[in-house]
Protein chains: 2
Amino acid sequence: MPKTQPASKAIQMAERLCRERGVRLTNQRRDVLAAISASTRPLGAYDIMEALREKQPKIAPPTVYRALDFLQAEGLVHKLESLHAYVGCQHPDHPHFSQFLICNDCGDVDELHSAGVTGSLDDAAHARGFEPDHRTIEVVGRCARCLAQGSKPAP
Amino acid sequence: MPKTQPASKAIQMAERLCRERGVRLTNQRRDVLAAISASTRPLGAYDIMEALREKQPKIAPPTVYRALDFLQAEGLVHKLESLHAYVGCQHPDHPHFSQFLICNDCGDVDELHSAGVTGSLDDAAHARGFEPDHRTIEVVGRCARCLAQGSKPAP
DNA sequence: TCCTGCAATGTTATAATGTAACAAATCGTG
DNA sequence: CACGATTTGTTACATTATAACATTGCAGGA
């Protein structure tokens with residue numbers, strides 16, 4: 001079950017959250033979020049650059065990375081470390097820790113928020129006297145749809 | 001609590017496991033494993049290259065990456081996605097899924113094997129009909145030692 | 001032993017991802 | 001409008017990783 005949120009909704013939500021938080025969702029940042037939200041797949045920073053090149057032919061990497069840094073800090077996008085790519089957050093309106101299910105076959109990504117996972121991980125960390133700050137939890141495998149049809153739709 | 005296993009032990013274990021499995025722990029691969037095992041910190045691929053340059057002045061990236069691919073496939077080293085770096089596996093002799101605690105201050109890495117974490121994550125995945133293959137579970141924060149002394153020993 | 005086939009390594013070049021450093025523009029505010 | 005702070009532009013480069021093809025080395029059978 002990939003991508004529930006339509007792009008326009010994601011932007012609206014981001015507008016509201018940034019307004020409430022007193023931070024600026026500039027055009028640049030909105031455009032980057034829009035590109036990510038419009039995609040059914042995780043986008044790399046350079047994919048995003050390509051997507052924005054239509055509007056901004058001279059866009060350079062630092063611009064994209066800066067926008068991504070902002071969006072991540074505000075919890076509006078997540079980075080998938082194992083793909084070097086970015087996805088829109090499905091529930092940016094409340095704080096949470098996410099886990100990601102990444103399908104090897106179709107490339108779709110599903111965002112989970114399992115309290116059990118976060119809880120047991122933090123428990124295990126605390127048992128070693130470790131104080132968690134940021135968590136990266138990603139599972140690569142096959143999604144329900146691809147398991148069902150047994151094919152490899154998108155390489 | 002970082003790095004329990006001395007490098008020589010790690011090599012011995014790797015020798016044995018590879019023999020049992022009928023795969024070849026070549027000099028190249030052993031040297032890479034040795035470099036990783038000798039370090040108290042995760043090493044990047046290019047760090048490993050530097051470490052091997054003494055013995056092999058002309059070593060190139062593909063050599064290192066190929067050895068790393070092999071060692072990962074055999075469960076002898078793990079890749080830390082959030083650091084783009086590699087550590088030796090602390091328990092290569094039996095199959096397991098690991099979680100990593102990465103200290104922001106001192107850079108040390110602790111390898112966990114919490115059945116609870118793996119179990120709850122796989123449960124959450126299965127609840128979505130997802131079949132897990134590979135898991136990346138990394139926690140960045142502060143380790144017990146750094147919390148205790150409140151300083152930042154190693155940048 | 002020698003050949004042969006496959007696995008491993010060497011070599012060159014380049015792709016993909018990410019950042020440093022400083023200049024210019026823009027925004028909100030007094 | 002002028003000011004300071006934030007944001008963006010721009011150039012150059014650092015870091016991580018892989019493609020492609022040549023060469024070497026190793027094991028097993030003729």
Side-chain angles (χ1 to χ4, degrees), chain A residues 14-15 18-36 39 41-53 55-74 76-87 107 136 138 155, chain B residues 14-15 18-19 21-36 41-53 55-74 76-87 107 136 138 155:
Chain A
E15 297 275 19
C18 288
R19 205 177 325 116
E20 287 173 8
R21 295 173 190 171
V23 296
R24 291 163 56 190
L25 186 64
T26 60
N27 287 344
Q28 205 53 261
R29 292 164 176 173
R30 186 173 25 244
D31 288 350
V32 168
L33 178 58
I36 292 172
S39 169
R41 302 288 174 74
L43 291 184
Y46 283 70
D47 297 330
I48 295 168
M49 249 182 58
E50 282 314 305
L52 299 196
R53 200 174 293 286
K55 293 180 68 170
Q56 295 174 257
K58 315 191 63 171
I59 192 170
T63 301
V64 173
Y65 281 104
R66 286 191 284 232
L68 287 170
D69 287 346
F70 171 85
L71 295 169
Q72 286 182 267
E74 295 302 325
L76 297 168
V77 310
H78 297 293
K79 177 172 189 181
L80 301 178
E81 293 288 352
S82 52
L83 298 182
H84 305 292
Y86 303 82
V87 292
T136 298
E138 300 172 14
Chain B
E15 298 273 18
C18 288
R19 205 177 326 116
R21 294 172 190 173
V23 297
R24 293 162 56 190
L25 187 63
T26 60
N27 287 343
Q28 205 53 262
R29 292 164 175 175
R30 185 174 25 244
D31 288 350
V32 168
L33 178 58
I36 292 172
R41 302 286 174 74
L43 291 184
Y46 283 71
D47 296 330
I48 295 167
M49 248 181 58
E50 281 316 304
L52 300 196
R53 200 174 293 287
K55 293 180 69 170
Q56 296 175 254
K58 314 190 64 172
I59 192 170
T63 300
V64 173
Y65 281 104
R66 286 192 283 231
L68 287 171
D69 287 346
F70 171 85
L71 295 168
Q72 285 181 266
E74 295 302 325
L76 297 167
V77 310
H78 297 293
K79 177 173 189 180
L80 300 178
E81 293 288 352
S82 52
L83 298 182
H84 304 290
Y86 302 82
V87 292
T136 298
E138 299 173 15

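This one's a predicted model, so the numbers in the text were calculated from it and none came from an experiment. Here is how names work: the chains are called A, B, and so on, in the same order as the sequence lines, proteins then strands, and each is numbered from 1.
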Asker: Quick one: is C:dG18 close enough that its OP1 or OP2 comes under 4.0 Å of any side-chain N or O from A:Tyr86?
Answerer: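 For A:Tyr86, the contact criterion (side-chain N or O under 4.0 Å from OP1 or OP2 of C:dG18) is met.
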
Asker: Can you see if the side chain of A:Arg29 gets near the phosphate of D:dT7 - specifically, an N or O under 4.0 Å from OP1 or OP2?
Answerer: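 Answer yes for this pair, as a side-chain N or O of A:Arg29 is under 4.0 Å from OP1 or OP2.
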
Asker: Output the single nucleotide from D:dT11, D:dT6, D:dA19 whose closest atom is nearest the side chain of B:Pro62.
Answerer: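 Nearest to the side chain of B:Pro62 among the choices is D:dA19.
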
Asker: What is the distance, to the nearest angstrom, from the OH atom on B:Tyr65 to the C1' atom on C:dT11?
Answerer: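 My rounded result for the distance is 17 Å.
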
Asker: So, is B:Lys58 close to the C:dT12 phosphate, meaning a side-chain N or O under 4.0 Å from OP1 or OP2?
Answerer: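 Checking B:Lys58 against C:dT12: no side-chain N or O falls below 4.0 Å of OP1 or OP2.
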
Asker: Can you see which heavy atom on A:Ile36 is nearest to which on A:Val87, and at what distance?
Answerer: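 Nearest heavy atoms, A:Ile36 then A:Val87: CG2-C, 3.5 Å.
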
Asker: So, OP1 or OP2 of D:dT8: does either fall under 4.0 Å of a side-chain N or O from A:Thr63?
Answerer: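 For A:Thr63, the contact criterion (side-chain N or O under 4.0 Å from OP1 or OP2 of D:dT8) is not met.
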
Asker: Quick check: closest heavy atoms across B:Leu71 and B:Arg29, and the distance to 0.1 Å?
Answerer: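 Scanning both residues completely, I find the closest heavy atoms to be CD1-O, 3.8 Å.
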
Asker: Have A:Thr136 and A:Glu81 got a donor and an acceptor in their side chains that come within less than 3.5 Å?
Answerer: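 No, no side-chain donor-acceptor pair sits under 3.5 Å.
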
Asker: Which heavy atom in A:Pro42 sits nearest to a heavy atom in A:Ala85, and how many Å separate them?
Answerer: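 Looks like CB-CB, 3.6 Å.
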
Asker: Can you check whether A:Lys79 has a side-chain N or O nearer than 4.0 Å to OP1 or OP2 of C:dT17?
Answerer: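 No, because none of the side-chain N or O atoms of A:Lys79 sits under 4.0 Å from OP1 or OP2 of C:dT17.
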
Asker: Give a yes/no answer on whether the side chain of B:His84 brings an N or O atom under 4.0 Å of OP1 or OP2 in D:dA17.
Answerer: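 Answer is yes, contact under 4.0 Å.
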
Asker: Counting just side-chain N and O atoms, does B:Thr26 come under 4.0 Å of either OP1 or OP2 of C:dA8?
Answerer: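 False: B:Thr26 side-chain N/O out of range (4.0 Å or more) of C:dA8 OP1/OP2.
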
Asker: Tell me: CG of B:Asp31 to P of C:dT9, nearest whole Å?
Answerer: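 Taking CG of B:Asp31 and P of C:dT9, I get 10 Å after rounding.
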
Asker: Look at the side chain of A:Arg66 against the base of C:dG18 and say whether a donor-acceptor pair falls under 3.5 Å; ignore hydrogens and angles.
Answerer: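 Side chain to base: no pair below 3.5 Å.
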
Asker: Please answer whether D:dT16 and B:Tyr46 are stacked, defined here as ring centres separated by less than 5.5 Å and planes angled under 30°.
Answerer: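 Here B:Tyr46 meets both the 5.5 Å and the 30° conditions.
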
Asker: Taking atom P of C:dG18 as reference, at what distance in whole Å does atom CD of A:Gln72 sit?
Answerer: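 About 10 Å, once rounded to whole Å.
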
Asker: Would you call the rings of A:Tyr65 and A:Tyr46 parallel, tilted or perpendicular, where under 30° means parallel and over 60° means perpendicular?
Answerer: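 A:Tyr65 vs A:Tyr46 ring planes: perpendicular.
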
Asker: Any side-chain N or O of B:Gln56 under 4.0 Å from OP1/OP2 of C:dG10?
Answerer: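 Checking B:Gln56 against C:dG10: at least one side-chain N or O falls below 4.0 Å of OP1 or OP2.
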
